[in-house]
**Q** 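Mind having a look at this structure? Questions to follow.
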There are 2 protein chains.
Amino acid sequence: MTSQELFEQIRSKRSFLCVGLDTDLKKVPQHLLAGDDPIFEFNKAIIDATAPYCVSYKPNLAFYEAAGTKGWNALVKTVRYLRGHYPEQFIIADAKRGDIGNTSQMYARVFFQEMDFDAVTLSPYMGSDTAEPFYSYAGKWAVLLALTSNASARDFETLKLENGEMLYERVLRTSMDWGTEDNTMYVVGATQAAQLGSVRAIVPDHFLLVPGVGAQGGSLEEVARYGMNKRCGLLVNSSRGIIYASGGRDFAEAAGHAAAQLQSQMSMLLQKAGL
Amino acid sequence: MTSQELFEQIRSKRSFLCVGLDTDLKKVPQHLLAGDDPIFEFNKAIIDATAPYCVSYKPNLAFYEAAGTKGWNALVKTVRYLRGHYPEQFIIADAKRGDIGNTSQMYARVFFQEMDFDAVTLSPYMGSDTAEPFYSYAGKWAVLLALTSNASARDFETLKLENGEMLYERVLRTSMDWGTEDNTMYVVGATQAAQLGSVRAIVPDHFLLVPGVGAQGGSLEEVARYGMNKRCGLLVNSSRGIIYASGGRDFAEAAGHAAAQLQSQMSMLLQKAGL
């Protein structure tokens, strides 16, 4: 998918919502647990209920690995279900891998060829060698961690370098040259809304994946104010606030409502920006 | 396992070798492919042949994930086999994960509780939040990337900060306080042997996991000269040079020979250091 195609999805759906599929067997409604594949059944119901209101899904791989081979199977089935029923959705493997050489190639093959994800999240610490193998797949994306929303982001991400810039700013500047706006996106936490402005000054045209709205406390309005560009340029993720909106039999309906609510706010913000 | 117990293993086996299990179905000898679980059968044979000469194994998770659910199953069986037959081996999940909060907790549960690895490799970019959940498991280890051996390590790892230190030096200094010498280890590439001295100046007592000897071109003697401390303090990894020493029916025997050769060099280096 190109950035223009993603923008067109956003414009037609009036939404820049990404639904985080952090599916945890401990939180899946009781009545699903009797079935053969509760993780996939949960995801399927959540997807059917939320797909009209979002443009992207982001399974968090830790949750699937935690469920062993069953979890891995459920992940494969989830991606296949999305591809088959909602081919317009942008599917992100939230893997936060950060390796090099033949290991990175291996991951790229797993996520892009075997599972047909659109994008994968990567940690930039080891430099361009981490991202490079992912760029050899046409239409696929690397989503690089830049400025995250956790407290210890300040341990390293915001360290000042000798020339005065902060580490995450250097990560943006250096990695801009690794790919293009059509295959590179950045993770920037919503709790750092004000710093979204400094991110935008460096990467005016790239898409940003913004977690941390809702459960982690960021405000959607602030994110749009500082982060939106002329092609929206934002995917805002919500996980727990949507998929665990209810723990009962109405979990999918409640998730649909929560997604619709965010979509309606996003629609207003897009309109306000003339998009 | 404590660092003292690891050192005692090293002293008794006269080896600080870690065998990297980067098991790739494309490189597994032909005759194994007909069996039910060629990845596990390969690993089992390699382990039986090399265990006398090493103190640690390091499965690289990308290779198992690339083989889908079969790969994951083979990984689980490999760790179980090691635990059952060679309980003294230090088993590292080479995962290079770098996430936070409940995702990191999930990974810690997967690797330490469900699979009983001793250690997991982590990318430090997001700060202490990444490592913290791993420290709540007694006797388990976080292995943090510090200075890696790839060319693009210089993109960020060796950037100069405003106070003159390099990023990887700051990573060492900051993360020293997250854990102890009994639960924290650092990845330092062998191709940077001279810089091992600067690493040792900061973390004199920690164990270092050193990849890059052999295929990636580092010298074992240089690594020992700059990196060894009074309790050895080194695990030197070799992957392809051992497990693919032969691609034929004698693959296990050849792996055993390759491991024995490294062990004999290590034995001399330990003796030279009076250990």
Side-chain angles (χ1 to χ4, degrees), chain A residues 22 24 60-63 65-73 76 94-107 109-111 114-115 121 123-132 145 148-157 159-164 167 170-171 174-175 216 240, chain B residues 22 24 60-63 65-73 76 94-107 109-111 114-115 121 123-132 145 148-157 159-164 167 170-171 174-175 216 240:
Chain A
D22 298 9
D24 185 348
N60 183 330
L61 267 66
F63 289 78
E65 292 181 6
T69 49
K70 282 188 179 172
W72 198 260
N73 264 331
V76 170
D94 197 1
K96 298 197 181 66
R97 300 298 194 264
D99 217 301
I100 54 161
N102 60 348
T103 306
S104 265
Q105 276 170 31
M106 206 61 107
Y107 280 131
R109 209 179 82 199
V110 174
F111 295 129
E114 284 164 30
M115 293 211 268
T121 58
S123 175
Y125 189 71
M126 295 173 90
S128 63
D129 296 335
T130 292
E132 197 259 322
L145 298 180
T148 57
S149 55
N150 59 308
S152 72
R154 74 178 96 86
D155 279 348
F156 308 121
E157 295 173 20
L159 283 180
K160 273 254 175 80
L161 303 178
E162 62 175 349
N163 69 352
L167 176 60
R170 176 67 73 94
V171 167
T174 299
S175 62
Q216 290 168 62
R240 285 165 277 176
Chain B
D22 297 8
D24 185 347
N60 183 331
L61 267 65
F63 290 78
E65 292 180 7
T69 47
K70 281 189 179 172
W72 198 259
N73 263 332
V76 169
D94 197 1
K96 299 197 180 65
R97 300 299 193 265
D99 216 301
I100 54 163
N102 60 348
T103 306
S104 264
Q105 277 168 32
M106 206 61 106
Y107 280 131
R109 209 180 79 199
V110 174
F111 295 129
E114 283 164 31
M115 293 211 270
T121 57
S123 174
Y125 189 72
M126 297 174 89
S128 63
D129 296 334
T130 291
E132 196 259 323
L145 298 180
T148 57
S149 55
N150 58 308
S152 73
R154 72 179 98 86
D155 279 347
F156 308 121
E157 295 173 21
L159 284 180
K160 272 253 175 82
L161 303 178
E162 62 175 349
N163 69 353
L167 176 60
R170 177 67 73 92
V171 166
T174 298
S175 63
Q216 290 167 61
R240 286 165 277 176

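Lettering follows sequence order; numbering is per chain, from 1.
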**Q** Quick check for you: among Gly164(A), Gly98(A), Ser104(A), Gly71(A), which has the greatest number of heavy-atom pairs under 4.5 Å with chain B?
**A** Gly98(A)
**Q** Using every non-hydrogen atom in the two residues, find where Ser152(A) and Gly127(B) come nearest and quote the distance to one decimal.
**A** OG-C, 3.2 Å
**Q** As an exercise: rank Met115(B), Lys96(B), Arg170(B) by heavy-atom pairs under 4.5 Å with chain A and give me the winner.
**A** Lys96(B)
**Q** Taking every heavy-atom pair that is under 4.5 Å apart, which of Asn163(A), Val110(A), Thr69(A) has the most such pairs with chain B?
**A** Thr69(A)
**Q** Where does Leu145(B) contact chain A at under 4.5 Å (heavy atoms): side chain, backbone, both or neither?
**A** both
**Q** Just wondering, do Asn102(A) and Arg240(B) contact through their side chains at under 4.5 Å, heavy atoms?
**A** yes
**Q** Would you say Asp129(A)'s side chain and Ile100(A)'s backbone share a donor-acceptor pair under 3.5 angstrom?
**A** no
**Q** May I ask you to name which of Thr174(B), Leu161(B), Asp24(B) has the most heavy-atom pairs under 4.5 Å with chain A?
**A** Leu161(B)
**Q** State, with a plain yes or no, whether a side-chain heavy atom of Arg97(A) is found less than 4.5 Å away from one of Leu61(A).
**A** yes
**Q** Strictly by modelled atom types, are Thr103(B) and Asn60(A) linked by a side-chain donor-acceptor pair under 3.5 Å?
**A** yes
**Q** Do you know which of Arg154(A), Lys160(A), Met126(A) has the most heavy-atom pairs with chain B at a distance under 4.5 angstrom?
**A** Met126(A)
**Q** Can you tell which part of Arg109(B) gets under 4.5 Å to a heavy atom of chain A, answering side chain, backbone, both or neither?
**A** side chain
**Q** Under a plain distance cut-off of 3.5 Å, with no hydrogens placed, do Glu157(B) and Thr148(B) share a side-chain donor-acceptor pair?
**A** yes
**Q** What part of Val76(A) gets within 4.5 angstrom of chain B, counting heavy atoms only: side chain, backbone, both, or neither?
**A** neither
**Q** Give, as side chain, backbone, both or neither, the part of Ser128(A) having an atom under 4.5 angstrom from any heavy atom of chain B.
**A** both
**Q** Given Pro124(A), which of Val171(A), Leu167(A), Thr130(A) fulfils the side chain to side chain contact (heavy atoms under 4.5 Å, CB included) condition?
**A** Val171(A)
**Q** So which part of Glu114(A) gets closer than 4.5 Å to some heavy atom of chain B, the side chain, the backbone, both or neither?
**A** side chain
